[in-house]
There are 2 protein chains.
Amino acid sequence: MPPYTETLTRLVETNGQESAGTLASTVYDRLRGDILSGSLPPGEKLRTEALRTRYEVGNSPIREALNRLSADGLVTREDQKGFRVASASLADLEELLKTRCWLEEIALRESITNGDADWEERLVLAFHRLSRVRRSSSEDHYSVNPQWEDLHRAFHLSLLSACGSRWLLQYCAQLNDQADRYRQLAIIVSYPKRNELTEHEAMTKAATDRNVDEAVSLLLAHYERTARIIRETISEFEES
Amino acid sequence: MPPYTETLTRLVETNGQESAGTLASTVYDRLRGDILSGSLPPGEKLRTEALRTRYEVGNSPIREALNRLSADGLVTREDQKGFRVASASLADLEELLKTRCWLEEIALRESITNGDADWEERLVLAFHRLSRVRRSSSEDHYSVNPQWEDLHRAFHLSLLSACGSRWLLQYCAQLNDQADRYRQLAIIVSYPKRNELTEHEAMTKAATDRNVDEAVSLLLAHYERTARIIRETISEFEES
DNA sequence: CAATCAAATAATTTCGATATTTAATTAACA
DNA sequence: TGTTAATTAAATATCGAAATTATTTGATTG
C-alpha cells in the first residue's frame, strides 16, 4: 500500500469496530469516541477506578489509553493528579478555528494541486458514502450517528489527503477531533436547519474541478459557519 | 502566569533536570533526549526488558513513556509487536522540511505581527543565553551539549511564541524535535564550519525590527541550509 | 471562630508475576 | 533440499496488589 493511502486509512479508521489488537487500543478508541461525542464532557475527571468498571478492563490498558490521549490533546495529565478530559472554552474555540483555517488552507491547496486521479476518486467516493447516511440516528430528534461521524471525518481528510505531508494531515485530523467536541455541543440546536450535504457537495465539485481558490473559500466558510453556530449555542447556555 | 507563557515554558523545559514528578515522566524525558541526541538511532527496537535495566525502573513507567512518545511521533507502536524508534529517511526529511516551512512561516508572521514588548524581551533574552553557550561540550571534537540544545530549542520557540495558537506552537515544537534527530546526524560533519550564531542573530534583529518578510526568509533559509547539510551527509554515508 | 496541624481516606503510580501472542528453532515430510 | 508443521523461546500485554502521594476530615490551639 502506498504510504499516503496507508496514513489516510489509519487516520480515517476511527476504528469504532475493526482495529484494536490490544485492550489498550480498544479502550483508547472507546474513550476517544466518548470524548468526541461529548458523553465525557470537557473538564471531567477521569478516575482509573471509574474507567476500569466502565470499560471492564484492568489498570494498565486504561493508563496506556489515557497517556496516548493526553499526547493527542484530548486529555490533560498532571503528574500525581491524574487525568481529565481537556477543557473547552470560547477562547479555545477561536484559537482552534484560526489554526484550522491556517493549516487546512495549505493542505487543501497542496492537495488539489498535487492530487492524482486516485485522490479524486477517493474524494468522490467519500462524498458519496457520506451522502448516503443520515446525520442523526433518530428520525425526530438528534442523536449521534457514529457512522455519519466516521464518514464525515473521512470526507474531510480525503479532501486533504494528497497534501504531501503526513505531518500536516495528522495535525488536521487532530484539530478536526478537537472541533468535533465543540460540534456536539451545537448540533442539537442547529439540527436540522443546516444543509451540510450541499456544502460538502460544493466542496467536492470545486476540488475535482481543481478550482483551488473556490474550494478553499468554501472550506473556510464551512468552518466559520460551524464556529458561529457553536458560539451562539454556547452564549445562549451561558446566559441562561 | 498568562497561558502562552505557560505553554511556552512547558514546551521549552525539555526538563532534563527540574520537572518530572513521576517515574514515567522522568523516563519520558530521558528517552526523548536519547532519541533526539541519536543515542537511540532511528528504527531501533525498544524492548521493555532492555529499557527497564537501562533506566532502572519497572514495567509500567516505561510503557507509559513509550505510549506518550508514540503519540508524539518519536516512537512507532504496533499492537502486539511493541515499540521502535521512529524511522528516518531522505524522503521523510524532505517532507519534514516542507511542513516545517509551511507552519513556521505562518507562526513567525503572526508572532511578529502580534508580539508585544514581553515577547520581544523573551526573544532577545533567549538569543543572549544561546550565544553564551558553546555548541559542543568538547573543545576539539563535537559532542552533544544538552544545554545548547535546550537553549536552541527555546530560542526558536521564542521566535514563534506570540503566534496566538498553542496548537501551532506545539506542532512547530514537535517538528523541531523531529528535525533535531536529523541534525545530530549532520552536525559531526559540518562542525565547526557553519556559523549558526550569526544566523540566529540576524533572525533576532529582523524580528525585533518587525521586518516580517526578512525574518521569514532568514528562517526558511536557515532550515534549507540545515537540510542541505543533512542531505549531503546522508548521501555520503549511503555511498560509502 | 479562624487557622493549623494530624490522622484517615481516597486516588494515583509503580511493581512483580502471569497470561497471550509473536518470533525462532527444530523436526518431519515430500 | 526445500517446505511445512510442531515445539520452544522470547517478548508483549495485562492483572492485582503494594507503595506513594494527594485530599479530606476532624481535632487542637491561638
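A, B, ... follow the sequence lines: proteins, then strands. Residue 1 opens every chain.
OP1 or OP2 of dT22(C) has not a single side-chain nitrogen or oxygen of Lys45(B) nearer than 4.0 Å. Here Thr48(B) reaches the OP1 or OP2 of dT12(D): one of its side-chain N or O atoms lies under 4.0 Å away.
Note on ring orientation: taking the six-membered ring where Trp is involved, the planes of His152(B) and Trp148(B) are parallel (angle under 30°, cut-offs 30° and 60°).
Where Lys81(A) and Glu64(A) meet DNA chain D, the nucleotide closest to each residue was compared, and Glu64(A) sits on the side nearer the 5' end.
In this structure, Ser137(B) contributes its side chain and Ser143(B) its backbone to a donor-acceptor pair below 3.5 Å. Although no hydrogens or angles enter the test, the distance criterion places no donor-acceptor pair under 3.5 Å between the side chain of Ser161(B) and the main chain of Trp119(B). In terms of modelled atom types and a separation under 3.5 Å, the side chain of Asp92(B) and the main chain of Ala88(B) share no donor-acceptor contact. Side-chain N or O atoms of Gln178(A) include none that pairs as donor or acceptor with a backbone N or O of Leu96(A) at under 3.5 Å.
Atom CZ of Arg77(B) is separated from atom C1' of dT21(C) by 16 Å (rounded to the nearest Å). Between the CG atom of Leu46(B) and the C1' atom of dT12(D) there is a distance of 13 Å, rounded to whole Å. One interatomic measurement links the two molecules: CD of Glu78(A) to C1' of dA11(C), which rounds to 14 Å at whole-angstrom precision. Ile62(A) places its CD1 atom 11 Å from the P atom of dT12(C), with the value rounded to the nearest Å. At whole-Å resolution of the value, CG in Leu66(B) and C1' in dT12(D) are 12 Å apart. Atom-to-atom, CG of Asp79(B) to C1' of dA11(D) comes out at 15 Å; the value is rounded to the nearest Å. For the pair Gln80(B) CD and dT21(C) C1', the interatomic distance rounds to 6 Å; values are reported in whole Å. The CZ-C1' distance, from Arg47(B) to dA24(C), rounds to 13 Å in whole Å.
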Could you go over nucleotides 15-18 of chain D and give all protein N or O partners under 3.5 Å, atom names and distances?
residue : atom : partner  : partner atom : Å
dC15(D) : OP2  : Gly58(A) : N            : 2.7
dC15(D) : N4   : Ser60(A) : OG           : 3.2
dA17(D) : N6   : Asn59(A) : ND2          : 3.4

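Of all nucleotides listed (dT21(C), dT23(D), dT14(C)), dT14(C) comes nearest to the side chain of Ala24(B).
No salt bridge links Arg84(B) with Glu44(B); every basic N to acidic carboxylate O contact stays at or beyond 4.0 Å. Ion pair Arg52(B)/Glu49(B) flagged as a salt bridge, since at least one NZ, NE, NH1 or NH2 atom sits closer than 4.0 Å to an Asp/Glu carboxylate oxygen.
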